[in-house]
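Owing to the predicted nature of the structure, the values given are computational and were not obtained by experimental measurement. All values below were derived from every heavy atom in this structure, side-chain atoms included, with hydrogens, water molecules and symmetry-related copies excluded.
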Amino acid sequence: MKEKYSYVNTDEVLQYAGMEPYEIADQGHWFTQSQIDRFYEKVAQLTGNKNIAREAGRFAASPSLVPALGQFIFGQLGPGKVYQIIGHASENYARSSNYQTTSISSNKVEITVTPKPGVTEKPYQCENRTGLFEAIAMGFTNKLPKIEHPQCIFKGDSACKYIISWEMSRSEVFRAFRNYLTLFLISVCILLAFFKPEETISFFLPFSLFTILILGSVHLLIEKRELKTSLNILSDSADRLIEETQINYNNTLLTNEIGQIISKYTNIKDVMETVVRLFEKRLDYDRGFILLANENKSLLEFRAGFGYDQKKLDFIKKSAFHLNKAGSKGVFVVSFHEQKPFLINDIEEISPNLSRRSLAFAHQMGTQSFICCPIICDGQSIGILAVDNLRTKRPLVQSDLSLLMGIASVIGISIRNADLLEARQRQFGSILQVLAASIDARDPLTAGHSAKVTEYALGICDELNLSNNYREMIRVASLLHDYGKIGVPDSILKKPGRLTKEEYEKVKTHAQKTQSILEQINFEGIFSQVPEIAGSHHEKMDGSGYPNGLIGEEIPLGARIIAVADFFEAVTAKRHYRDPLPMSYAFRLLEKGRGVHFDEKVVDAFVQYYEREVLQTESIEDGKIIRMKWVS
């Protein structure tokens, strides 16, 4: 239409047919029969050309419009091969009918087109096919083929039958001439040899061989020229195929990597940052960002992006995309509420449908073409994914939209999973705090003991360079290490004087009770070690501890860490039966138990942590900085 009928308003045609420009640009998009009918109806009306369908068929098969794979087909020598391929590849370009090709001779084929059940074609589609068949032969011979149409569904037949014959190429014609002339000359030489052997040997035979040689050379030259033309087509289409393959490869990698994110990251921030890095690395877009709805779904908030300079990035972050304003025409808001994607190759095309604020935002960002997809999970919109191109000027097509919609759904799942994990962690953390608080509530004097032991234990973990997962498990075990004391009477726990032997034995039962109680909680993964570690924090390296008298490495590392933290906090805090011990004395006791009651490397780690984080402090006294250093 744009090339042959530039005066026709194509936007009017597409709007009437219910088609979008980006759908036309996408070679992989399929239209419905109704859309095609309306398109033809409007085109025929505006052009006044009753043969527009046949003309379009010829135009559609021109090498400049055929997809990369189609150009490979055109690059094959001989239209007969192309007509044969049509029968095998018809599903790739026509979903309304089945094609079957039968070869009659080297320059003649029969093609039978049978509509699929439930499909009702129109006469113009028959004309369109005829034009397509004509263009195939013209691509090789530059002449229209002869097409007979003895059967037609619009004349009551069950199928359309086309008998196509075409002139052979120059090389084929010349080869046939050469072959016939060669046969003739050889026959003449044999015949003359019987009557005039001398003249035959001296003149006719050399003349015949020379003639055959000249004809062969001329045929080879013509064939090379035709081959060169075909190779040029193949070279162009090969480049396009490589480009398409690379795009598909990158898309596959991206989808795979995003899938891995779901299982690797457990918080939304990490998911967002990793997704945009993969977009920048794998996809052919200049810029992009992700907006997520806030908790009450009143705003879309910027969460991650790529390709923007700092000025534009700050502008996006400051922009407010309100979701609770009735009648909002912003593309992001409409996409979010209607769960509908948008592909726009020219922002001016939709400017009448945009609010002034949305249009100002687009102009500020320098946006001309963009794709906007809703991020959906469990049927609910949770955000927006948007990409655009500025530098490459590559047009965005339906395949881009389809890819991004698929990726958006994966992002939605990953965000929801991360959100659920974060909620679960918050719930788990609050349960731990409640359990620890229930112990503190027994005795205000010892309140905060578990929290302080946890702080020390985590400091030791840092000094030992333990993994984050193990560190988190130690945090849980430390908070709950004394939970078994809930089963020890207050009269013993709060006794102001020294405990009797019997009373001390009852206190010692809290370790086993801690393990028994915690084993009833369904701790999973690395947290499954929590009951054993919490219940073993009174075991000693020499085997004199309780409840099981474990020795050395038999004691879990986590229990050895809590043992040091618990001892130091206990002796430096006030108890019913004594005042807190001086720090220097507490360190001496710790050193005395090193290797006997406590693990040596754990004691060393605690001392290093305590000196660095607690004792080496800076305070201001009389305007001077005084560094305090405690040495154990």
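Across all non-hydrogen atoms, the minimal contact from G18 to Q35 is O-NE2, 2.8 Å. Residues D286 and N389 share a closest heavy-atom pair of N-OD1, 2.9 Å. Counting all heavy atoms, side chain and backbone alike, F302 lies closest to L291 at CA-CD2, 3.5 Å. Here the shortest heavy-atom pairing between G57 and N128 reads N-ND2, 3.3 Å. Scanning both residues, M365 and Y308, for their nearest heavy atoms gives CE-CE2, 3.3 Å. The nearest pair of heavy atoms linking V271 to A418 is CG2-CB, 4.3 Å.
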**Request:** Go through the steps to decide whether M272 and I415 satisfy the test side chain to side chain contact (heavy atoms under 4.5 Å, CB included), and finish with yes or no.
**Result:** CA-CA 8 Å; M272 293 295 91; I415 292 174; 3.3 Å; yes
**Request:** Tell me, with the steps shown, if F336 and V333 meet side chain to side chain contact (heavy atoms under 4.5 Å, CB included).
**Result:** CA-CA 5 Å; F336 181 90; V333 176; 5.7 Å; no
**Request:** Carefully, step by step, assess R287 and K312 under the rule side chain to side chain contact (heavy atoms under 4.5 Å, CB included).
**Result:** CA-CA 11 Å; R287 310 184 303 185; K312 285 188 169 53; 3.6 Å; yes
**Item:** side chain to side chain contact (heavy atoms under 4.5 Å, CB included) evaluation trace for L401 with C373
**Value:** CA-CA 8 Å; L401 185 62; C373 294; 3.9 Å; yes
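Side-chain atoms of Y83 and E110 include no donor-acceptor pair closer than 3.5 Å. When only modelled atom types and interatomic distance are considered, D400 and Y285 share a side-chain donor-acceptor pair under 3.5 Å. Side-chain contact, N49 with E55: a donor N or O sits under 3.5 Å from an acceptor N or O.
In terms of the side chain to side chain donor-acceptor pair (under 3.5 Å) criterion, residue partners of R416 (sequence neighbours excluded) are, by chain and number, D378. Applying the salt bridge (charged side-chain N to carboxylate O under 4.0 Å, His left out) criterion to K122, with sequence neighbours excluded, gives D37. E273 pairs by the side chain to side chain donor-acceptor pair (under 3.5 Å) definition with K269, not counting sequence neighbours. With sequence neighbours excluded, no residue satisfies salt bridge (charged side-chain N to carboxylate O under 4.0 Å, His left out) with E148. For D309, the salt bridge (charged side-chain N to carboxylate O under 4.0 Å, His left out) criterion is met by no residue, not counting sequence neighbours. Every residue meeting the salt bridge (charged side-chain N to carboxylate O under 4.0 Å, His left out) condition with E134, not counting sequence neighbours, appears here in chain and number order: R54, R58.
Considering I164, N107, V109 in turn, I164 is the only one that fulfils the side chain to side chain contact (heavy atoms under 4.5 Å, CB included) rule with P145. With V43 as the partner, the side chain to side chain contact (heavy atoms under 4.5 Å, CB included) test is satisfied by one option alone out of T10, V13, V8: V13. Among K116, Q125, E121, the single residue meeting the side chain to side chain donor-acceptor pair (under 3.5 Å) criterion with S97 is E121.
Within the 4.5 Å cutoff, the side chain of L185 has heavy atoms near those of the I212 side chain. Here the side chains of I384 and I290 are not in contact, with every heavy-atom distance at 4.5 Å or above. Contact of the R129 side chain with the Y99 side chain is registered, since non-hydrogen atoms from C-beta on lie closer than 4.5 Å. In this structure the side chain of T47 reaches within 4.5 angstrom of the side chain of M1, judged on heavy atoms. No side-chain heavy atom of I382 sits less than 4.5 Å from a side-chain heavy atom of I376. At least one side-chain heavy atom of I153 sits under 4.5 Å from a side-chain heavy atom of P115. Taking the side chain as every heavy atom from C-beta outward, C126 and Y162 approach each other to under 4.5 Å. Within the 4.5 Å cutoff, the side chain of K42 has heavy atoms near those of the L46 side chain.
Ring planes of F289 and F332: perpendicular class, angle over 60° (limits at 30 and 60°). F279 and F306 have tilted rings, their planes meeting at an angle from 30° to 60° on a 0 to 90° scale.
The aromatic ring centres of F321 and F361 sit less than 6.0 Å apart.
Surrounding CZ of F154 are more than 12 heavy atoms belonging to other residues, nucleotides or ligands, all under 6.0 Å away. The environment of Q339 atom CD is dense: over 12 non-hydrogen atoms of other residues, nucleotides or ligands sit within 6.0 angstrom.
Taking OG1 from T130 and CD1 from I147, the interatomic distance works out to 5.5 Å, rounded to the nearest 0.5 Å. For the atom pair CD1 of I111 and CD1 of I136, the computed distance is 6.5 Å after rounding to the nearest 0.5 Å. Distance NE2/H337 to OG/S335: 10.5 Å, rounded to 0.5 Å. The distance from atom CZ of R38 to atom OH of Y16, rounded to the nearest 0.5 Å, is 4.5 Å. Between atom CZ of residue F177 and atom OG1 of residue T182 there is a gap of 9.0 Å, rounded to the nearest 0.5 Å. Note that CD of E338 and OG of S381 are 10.0 Å apart. Values are rounded to the nearest 0.5 Å.
Looking at H149, its side chain never comes within 3.5 Å of a backbone N or O of C160 through a donor-acceptor pair.
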